[in-house]
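One-based numbering along the sequence shown.
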Amino acid sequence: MGMMEHVSDVEQLKNIAKNVRKDIISMIYNAGSGHPGGSLSATEIMTVLFFNQLNHNPENPSDPDRDRFVLSKGHCTPVYYSILARCSYFDISELQNFRKINSKLQGHPDKSKFDLMETTSGSLGQGLSIAAGMAYALKLDNKKSKVYCLMGDGELNEGQVWESLATIKKYNISNLIIIIDNNKIQLDGFNKDIKNLEPISMKFKSFGHEVLEVDGHDITKLIETFDLSRRLSDEGKTVIIIAHTIKGKGISFMENTAEWHGKAPNDEQFQKAMEELS
Ligand SMILES: Cc1ncc(C[n+]2csc(CCOP(=O)(O)OP(=O)(O)O)c2C)c(N)n1
């Protein structure tokens, strides 16, 4: 029972990402609710993380040597559950139960129902603090495992995030790698109109962190950037990756609009979305 073998073939990874997008649309359509925009923007990030970067073991989810993953933007369960299913943590047919009463696959990750995620999440801003605590504990125990934390850019409006970023520097929690899904849109509008934090890269640097920027839909560049982040982390640096993405990526009428932050497609929209992905 070893760690999952990594996939490095870019075409294969692209194909996985395409299937994940189909899962996202189908799950939200079936449930009649959910968050397509931020799931579609994070699809390549999540595909590369789970199929190419993380050391993790679907045959033994609590393998003590696993890397940890925290979905701080907890509303984006469609992409997370699809990836977990496609890594064989559970059967793909289970995705049909997304957001159903008594299902394990609730709208936000619920560790009490489903022990596969490292933590419950969904209240924005908290996941980073939890991930930092996990990483610090691993570091104190001299473990090699890394902790990856995926955040939204709208989530950065939460003050707790900046408290964590200061704490992460103070204790040099360098086994934590933070990824910002920088799709520029939050629940009901563009970040720049709601609470503009740009330039975020300069803010992160001023807190003492290494900042890497990448096109969050380019699988080859994501692999290179994640490889580099691992090396920097091994050198004792605290790393934040800003992944530039498009909210709703892959479905023409969902792209770059807040309208599809948290809404299910109707029958016609579902057909159109699936056609675009075929
Ligand atoms: C503390 C808290 N406040 C408000 C919400 C409601 N909410 C859910 S998603 C969201 C917007 C998040 O935007 P962003 O982090 O950019 O996510 P993405 O665009 O990647 O979906 C909000 C305000 C929440 N989940 N938690």
Side-chain donor-acceptor pair under 3.5 Å between [X] and [Y], yes or no?
X	Y	value
N183	T245	no
Q126	S72	no
Y81	D23	no
R66	S145	no
H209	K169	no
N191	Q186	yes
Q53	H6	no
H108	Y80	no

Do you know the tightest heavy-atom contact between [X] and [Y]?
X	Y	result
Q160	S129	NE2-OG, 2.9 Å
V7	L13	O-CD1, 3.6 Å
F270	S26	CE1-CA, 3.9 Å
N172	G236	ND2-O, 3.0 Å

Is it the case that more than 12 heavy atoms not belonging to [X] sit under 6.0 Å from its [atom1] atom?
X	atom1	result
E5	CD	no
F253	CZ	yes
K104	NZ	no
D193	CG	yes
K143	NZ	no

Look at [X] together with [Y] and state whether they make a salt bridge at an N to O cut-off of under 4.0 Å.
X	Y	answer
K221	E213	no
K146	D234	yes
R231	D227	no
K73	D181	yes
R230	D67	yes

Derivation and outcome, ring pair (Phe, Tyr, Trp, His ring centres under 6.0 Å), residues H244 and H217: CA-CA 8 Å; H244 295 283; H217 299 303; over 10 Å; no

Do [X] and [Y] have side chains that approach each other closer than 4.5 Å (heavy atoms only, starting at C-beta)?
X	Y	value
L176	T238	no
H261	H75	yes
K272	S252	yes

Side chain to side chain donor-acceptor pair (under 3.5 Å) partner of S174, the single match among K139, E210, K237: K139

Distance in Å, T77 OG1 paired with F98 CZ, rounded so as to fall on 0.5 Å steps: 3.5 Å

Nearest-0.5 Å distance that lies between atom OG in S278 and atom NZ in K18: 7.0 Å

Residue of the set L128, N182, L197, L124 for which side chain to side chain contact (heavy atoms under 4.5 Å, CB included) holds with L156: L197

Any donor-acceptor N/O pair, E255 side chain to G250 backbone, under 3.5 Å: yes

Expected output: side-chain R21 to main-chain L40 donor-acceptor under 3.5 Å: yes

